[in-house]
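Throughout, protein chains are lettered first and strands after them, A, B, ... in sequence-line order, and every chain is numbered starting at 1. Everything numeric here is computed off the predicted structure, so don't read it as measured data.
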Amino acid sequence: EPEVTQTPSHQVTQMGQEVILRCVPISNHLYFYWYRQILGQKVEFLVSFYNNEISEKSEIFDDQFSVERPDGSNFTLKIRSTKLEDSAMYFCASGRGAPYNEQFFGPGTRLTVL
Amino acid sequence: GDSVTQMEGPVTLSEEAFLTINCTYTATGYPSLFWYVQYPGEGLQLLLKATKADDKGSNKGFEATYRKETTSFHLEKGSVQVSDSAVYFCALSGGGMDSSYKLIFGSGTRLLVRP
């Protein structure tokens, strides 16, 4: 059964450094998403991506964040200058959109900013 | 805006007990509703879904019915097992003219099943 994969599983970085989180969505899906979950808290939407552009982003997704689908299979989230409060689990998800809107999640990347 | 409210946990049950986790939502339009499960140290797995009023989603003995009149989507299981111990998230998508189909999650309910 196809699944969403993410790398790395754990990333440790120093405050102010750039990080890139990578995801390979399910191949016939058209919608791609990033969510984050700060330890012990709810899962929060960051950004959705469709037809090679951002379709929606949350207030969390400020100028420090960017997404890219560089080669038709990978989907990346870049944080330009990490802050302590960016420490969280980051989940990539993909889906087909209407009519059911269901999304399938990767296993997550745990980002620790020191 | 759209939102999801779940009962606070943790919920602690003995094996074979009946489970209910309450979920209510606020949304414009007609959202799709989901339950996701997160086992310790793992990502989110889709457990079940319902896309319109009165639909019943079911999977692995879990059920939830989309109740538009009470804006609820409560999760139930007749007989829980130790292996059901996890965090359960209620979520909605696509309630209004939102074209991105983003998921809005509740805060999650931790279930602990004791042998």
**A:C23 and A:N74: CA distance, side-chain angles, deciding distance, side chain to side chain contact (heavy atoms under 4.5 Å, CB included) verdict** = CA-CA 6 Å; A:C23 168; A:N74 291 284; over 6 Å; no
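Under a 3.5 Å cut-off, the side chain of B:T12 and the backbone N or O of B:L112 do not form any donor-acceptor pair. With hydrogens and angles disregarded, no donor-acceptor distance shorter than 3.5 Å links the side chain of A:T82 to the backbone of A:E18. Judged by distance alone, the side chain of A:R80 and the main-chain N or O of A:G16 form no donor-acceptor pair under 3.5 Å.
Contact of A:Q37 with chain B is made through the side chain alone, with heavy-atom distances under 4.5 Å. Looking at B:L46, the atoms closer than 4.5 Å to chain A (heavy atoms on both sides) all sit in the side chain, from C-beta outward. Only the side chain of B:Q38 comes within contact range of chain A, with at least one heavy atom under 4.5 Å from a heavy atom of that chain.
Chaining together hydrophobic side chains whose heavy atoms lie under 4.5 Å apart places A:I79 alongside A:M15, A:V19, A:L21, A:F32, A:W34, A:L46, A:V47, A:F49, A:I54, A:I60, A:F61, A:F65, A:V67, A:F75, A:L77, A:L84, A:Y90, A:L111, A:V113.
Of residues 58-69 of chain B, not one residue has a non-hydrogen atom less than 4.5 Å from any non-hydrogen atom of chain A.
Note: B:F34 and B:F73 fail the aromatic proximity criterion, with ring centroids not under 6.0 Å apart. The distance between the ring centers of A:F91 and A:Y35 does not fall below 6.0 angstrom.
Chain B forms more heavy-atom pairs under 4.5 Å with one residue of A:F104, A:F105, A:Y50 than with any other, namely A:F105.
The shortest distance between side-chain heavy atoms of A:Y33 and A:Q103 falls below 4.5 Å.
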